[in-house]
A.B. asks: 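Following this message is one structure expressed as structure tokens.
The structure displayed is predicted, hence computed values, not measured ones. Note that these values count all heavy atoms, side chains included, but never hydrogens, waters or copies made by symmetry.
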Amino acid sequence: MLDVQTCRKGAAMGLKMLVLSLTGDCNLACRYCYASGQARHTMAWETARRAVDLAASCGEPFLLQFSGGEPLLALPLLARIAAYVRDHRIEAHMAVQTNGTLLTEEAVNILCDSNIGIGVSLDGRPALHDRQRQYSDGRGSAADVAAGIERLARRGVGIGLTCVVTAENVHSLTDVVDMAYYFGNVHRVGFDLLRAQGRGTNAALPRESDMAAAMREVFARREALYRLTGRRLAISQEEQARDIAGRCGSDFSHCYAMNGEGVHVDADGGIYACSSFVGDERFFLGAVIQGVNLRRQQEVSAKMQRSMDFCRRCPDFAACGGGCFARWLGMEQEGPCGAECALKRVAVSAVFEKEGYRAE
């Protein structure tokens, strides 16, 4: 089991990322939600505390990501965890990924006062966003998301946007860039391809050629708006490629789970290798009351990497860091995800084209 002594000796499997699913409940019913099958109740405080202590026991800084469901439905718990991290001087960078509809004045005050990074999900202009991200009664959520982002802008708070890319919105990704500049407080945009878990099995990935064309348009639009405004918008995939370029290893360097360095804790305290696999015993690593089973974590990590060994044979592997295991598993195919490869190649090209690299 993972314990303080083991981690302080520099265990190879020390945690760099802890994802806490504060609740499986959500006020939206997004068409592609991979977490739709999670338990709907809220995590107990003792479970949250144990999970944070588990990650902190290694004595190294780590990323603490608040997730769900919709984590702002558990705002009192989030605030209590943030206070615990602050009061115990735990070296954790805290961040929350929210659907943006619950960014009330109270929520904004708590997030700002606790220095929690904020990521908001936005899939395009209102009409398209509302088709993919609806309330359970069918109402669109775009207006409420915009109100939340604008509330943060009035406080001078910078945020990131995450766009889930499906076959339906792939041709409109430049709209997300436009909206980022429109809001004014968006510093970063990331494009997260659909994962075929939960309701995600009912949606379709974009074609490889469409994904490549869309990302080329994204970078072109970003550059055009930069020239007009003097403000440069970061693209998460470009930043990831630049980070990977600074390393000399040959690991699946984009994914903490595949390297055995990150875990997801569900509302009941179950520990899983990845948030996509909550409830799947194949990826169960233990419970917070005992800690991570290191042997199991190593086995799961090795299995994930072996399953995607085809990535290592790709000439672009060292530059892209490999594909997403969760996405590949949901596709039920032998080879890589063409849309993901296209997305990453364009991002890598944006970083390295001056050095002679070209996306295929």
A.B. asks: If a pair satisfies salt bridge (Lys or Arg N to Asp or Glu O under 4.0 Å) and one of its residues is in residues 147-162, list it, with sequence neighbours excluded.
C.D. replies: E105-R151
A.B. asks: Has D266 got a side-chain atom pairing as donor or acceptor with G269's backbone, closer than 3.5 angstrom?
C.D. replies: yes
A.B. asks: Out of curiosity, does L28 fall in the hydrophobic cluster containing L102 (side-chain heavy atoms, cut-off under 4.5 Å, transitive links)?
C.D. replies: no
A.B. asks: Without placing hydrogens or testing angles, list every side-chain donor-acceptor pair under 3.5 Å for residues 82-96, not counting sequence neighbours.
C.D. replies:
unit_1: Y84; atom_1: OH; unit_2: D53; atom_2: OD1; d: 2.7
unit_1: Y84; atom_1: OH; unit_2: D53; atom_2: OD2; d: 3.1
unit_1: H88; atom_1: ND1; unit_2: Y84; atom_2: O; d: 3.1

A.B. asks: Do W328 side-chain atoms and G335 backbone N/O form a donor-acceptor pair below 3.5 Å?
C.D. replies: yes
A.B. asks: Are V19 and L78 grouped together when hydrophobic residues (ILVMFWY) are joined by side-chain heavy atoms under 4.5 angstrom apart?
C.D. replies: no
A.B. asks: Does one side chain, of D25 or T23, offer a donor that lies under 3.5 Å from an acceptor on the other?
C.D. replies: no
A.B. asks: Verify whether one side chain among N259 and S301 offers a donor that lies under 3.5 Å from an acceptor in the other.
C.D. replies: no
A.B. asks: CZ of F183 to CG of L152: how many Å apart, nearest 0.5 Å?
C.D. replies: 10.5 Å
A.B. asks: Verify whether the ring centers belonging to F283 and F325 lie closer than 6.0 Å.
C.D. replies: yes
A.B. asks: To the nearest 0.5 angstrom, please state how far the OG atom of S67 sits from the CG atom of L20.
C.D. replies: 9.0 Å
A.B. asks: Side chains of F191 and T162, heavy atoms from C-beta outward: is any pair under 4.5 Å?
C.D. replies: no
A.B. asks: Taking all heavy atoms of M43 and all of V265, pick out the closest pair and write down the distance.
C.D. replies: CE-O, 3.7 Å
A.B. asks: Return the CD1 to CD1 distance between I118 and I149, rounded to the nearest 0.5 Å.
C.D. replies: 10.5 Å
A.B. asks: F62 versus M17: any side-chain heavy-atom pair under 4.5 Å?
C.D. replies: no
A.B. asks: Do the numbers put R199 on top of the ring of Y32, so that NZ or CZ is under 6.0 Å from the six-membered ring centre and no more than 45° off the axis?
C.D. replies: no
A.B. asks: Using modelled atom types only, decide if a donor and an acceptor are shared between the side chain of S114 and the backbone of L111 within a distance under 3.5 Å.
C.D. replies: no
A.B. asks: Does a side-chain heavy-atom distance below 4.5 Å link D178 with L225?
C.D. replies: yes
A.B. asks: Do L233 and R188 have side chains that get closer than 4.5 Å, going by heavy atoms?
C.D. replies: no
A.B. asks: Are Y256 and L15 linked, directly or through intermediate hydrophobic residues, by side-chain heavy-atom contacts shorter than 4.5 Å (ILVMFWY only)?
C.D. replies: no
A.B. asks: Taking the six-membered ring for Trp, are F284 and F277 closer than 6.0 Å centroid to centroid?
C.D. replies: no
A.B. asks: Roughly how far apart are L122 CG and I159 CD1, rounded to 0.5 Å?
C.D. replies: 8.5 Å
A.B. asks: Under the side-chain contact (heavy atoms from CB on, under 4.5 Å) rule, collect the residues that match up with S121, sequence neighbours excluded.
C.D. replies: Q97, R133
A.B. asks: Where is the tightest heavy-atom contact between A107 and L72, given as atom of each residue plus distance?
C.D. replies: CB-CD1, 4.5 Å
A.B. asks: Does any part of the side chain of M211, heavy atoms only, come nearer than 4.5 Å to the side chain of P206, both counted from C-beta?
C.D. replies: yes
A.B. asks: Between N99 and E70, is any side-chain donor less than 3.5 angstrom from a side-chain acceptor?
C.D. replies: yes
A.B. asks: Any donor-acceptor pair under 3.5 Å linking the side chain of Q297 with the backbone of G260?
C.D. replies: yes
A.B. asks: Considering all heavy atoms of both residues, which atom of S275 and which atom of R195 are nearest to each other, and what is their separation?
C.D. replies: OG-NH1, 4.1 Å
A.B. asks: Keeping D210 on the side-chain end and H171 on the backbone end, is there a donor-acceptor pair under 3.5 Å?
C.D. replies: no
A.B. asks: Using side chain to side chain contact (heavy atoms under 4.5 Å, CB included), reason through D192 and Q237 one step at a time and then give a plain yes or no.
C.D. replies: CA-CA 9 Å; D192 185 17; Q237 283 72 26; 5.9 Å; no
A.B. asks: Determine the minimum heavy-atom distance between A74 and L22, stating which atoms define it.
C.D. replies: CB-CB, 3.9 Å
A.B. asks: Could you check R242 against E239 for salt bridge (Lys or Arg N to Asp or Glu O under 4.0 Å), going step by step and ending with a plain yes or no?
C.D. replies: CA-CA 5 Å; R242 186 174 290 111; E239 290 188 324; 5.9 Å; no
A.B. asks: Tell me the closest heavy-atom pair linking S21 and H264, and the distance in Å.
C.D. replies: CB-NE2, 3.4 Å
A.B. asks: Are more than 12 heavy atoms from other residues, nucleotides or ligands located less than 6.0 Å from atom CZ of F310?
C.D. replies: yes
A.B. asks: Could you pull out the closest heavy-atom pair between I110 and A79, with the gap in Å?
C.D. replies: CG2-CB, 3.8 Å
A.B. asks: Salt bridge (Lys or Arg N to Asp or Glu O under 4.0 Å) between E299 and R295: does it pass, once the steps are laid out?
C.D. replies: CA-CA 6 Å; E299 292 171 349; R295 177 178 171 184; 3.4 Å; yes
A.B. asks: Does a side chain donor of either S141 or Q134 reach within less than 3.5 Å of an acceptor in the other side chain?
C.D. replies: no
A.B. asks: Should K16 and E60 count as an ion pair when the cut-off is N to O under 4.0 Å?
C.D. replies: no
A.B. asks: So, do I235 and V218 sit near enough that their side-chain heavy atoms are less than 4.5 Å apart?
C.D. replies: yes
A.B. asks: For a 4.5 angstrom cut-off between non-hydrogen side-chain atoms, does R345 reach M215?
C.D. replies: no
A.B. asks: Say whether, by atom type as modelled, one donor and one acceptor occur between the side chain of N169 and the main chain of D123 under 3.5 angstrom.
C.D. replies: yes
A.B. asks: Would you kindly confirm whether M331 and V164 end up in one hydrophobic cluster when ILVMFWY residues are joined by side chain heavy atoms under 4.5 Å apart?
C.D. replies: yes
A.B. asks: Within the side chain of Y181, is there an N or O that forms a donor-acceptor pair under 3.5 Å with the backbone of R231?
C.D. replies: yes
A.B. asks: Taking atom CG of N109 as the centre, report whether more than 12 heavy atoms of other residues, nucleotides or ligands fall under 6.0 Å from it.
C.D. replies: yes
A.B. asks: A side-chain contact here means heavy atoms from C-beta on lying under 4.5 Å apart; do M308 and M258 qualify?
C.D. replies: yes
A.B. asks: According to a 4.5 Å side-chain heavy-atom criterion applied to Ile, Leu, Val, Met, Phe, Trp and Tyr, with indirect links allowed, do Y272 and F252 form part of one hydrophobic cluster?
C.D. replies: no
A.B. asks: Could you please spell out the steps behind the side chain to side chain contact (heavy atoms under 4.5 Å, CB included) verdict for R31 and N202?
C.D. replies: CA-CA 8 Å; R31 291 173 56 182; N202 299 320; over 6 Å; no
A.B. asks: Side chain to side chain contact (heavy atoms under 4.5 Å, CB included), that's the test. Do R139 and D130 meet it? Break it down for me.
C.D. replies: CA-CA 8 Å; R139 290 181 298 118; D130 286 346; over 6 Å; no
A.B. asks: To the nearest 0.5 Å, what is the distance between NE2 on H129 and CE on M179?
C.D. replies: 8.5 Å
A.B. asks: To the nearest 0.5 Å, what is the distance between CG (D268) and CD1 (I271)?
C.D. replies: 12.5 Å
A.B. asks: Given L18, which partner from the list L64, L63, L54 fulfils the side chain to side chain contact (heavy atoms under 4.5 Å, CB included) test?
C.D. replies: L64
A.B. asks: Is the number of heavy atoms from other residues, nucleotides or ligands under 6.0 Å of I289 CD1 greater than 12?
C.D. replies: no
A.B. asks: Does the Lys NZ or Arg CZ of R222 fall within the cation-pi geometry relative to F219 - under 6.0 Å from the ring centre and within 45° of the axis?
C.D. replies: no
A.B. asks: Let's go through R312 and D309 carefully: what are the C-alpha distance in whole Å and the side-chain angles of both, what is the deciding distance for salt bridge (Lys or Arg N to Asp or Glu O under 4.0 Å) to 0.1 Å, and is it a yes or a no?
C.D. replies: CA-CA 5 Å; R312 296 186 187 277; D309 194 54; 3.6 Å; yes
A.B. asks: Is atom CD of E281 surrounded by more than 12 heavy atoms (other residues, nucleotides or ligands) closer than 6.0 Å?
C.D. replies: yes
A.B. asks: With a 3.5 Å distance limit and no angle check, can you tell me whether R327 reaches the backbone of L194 through a side-chain donor-acceptor pair?
C.D. replies: yes
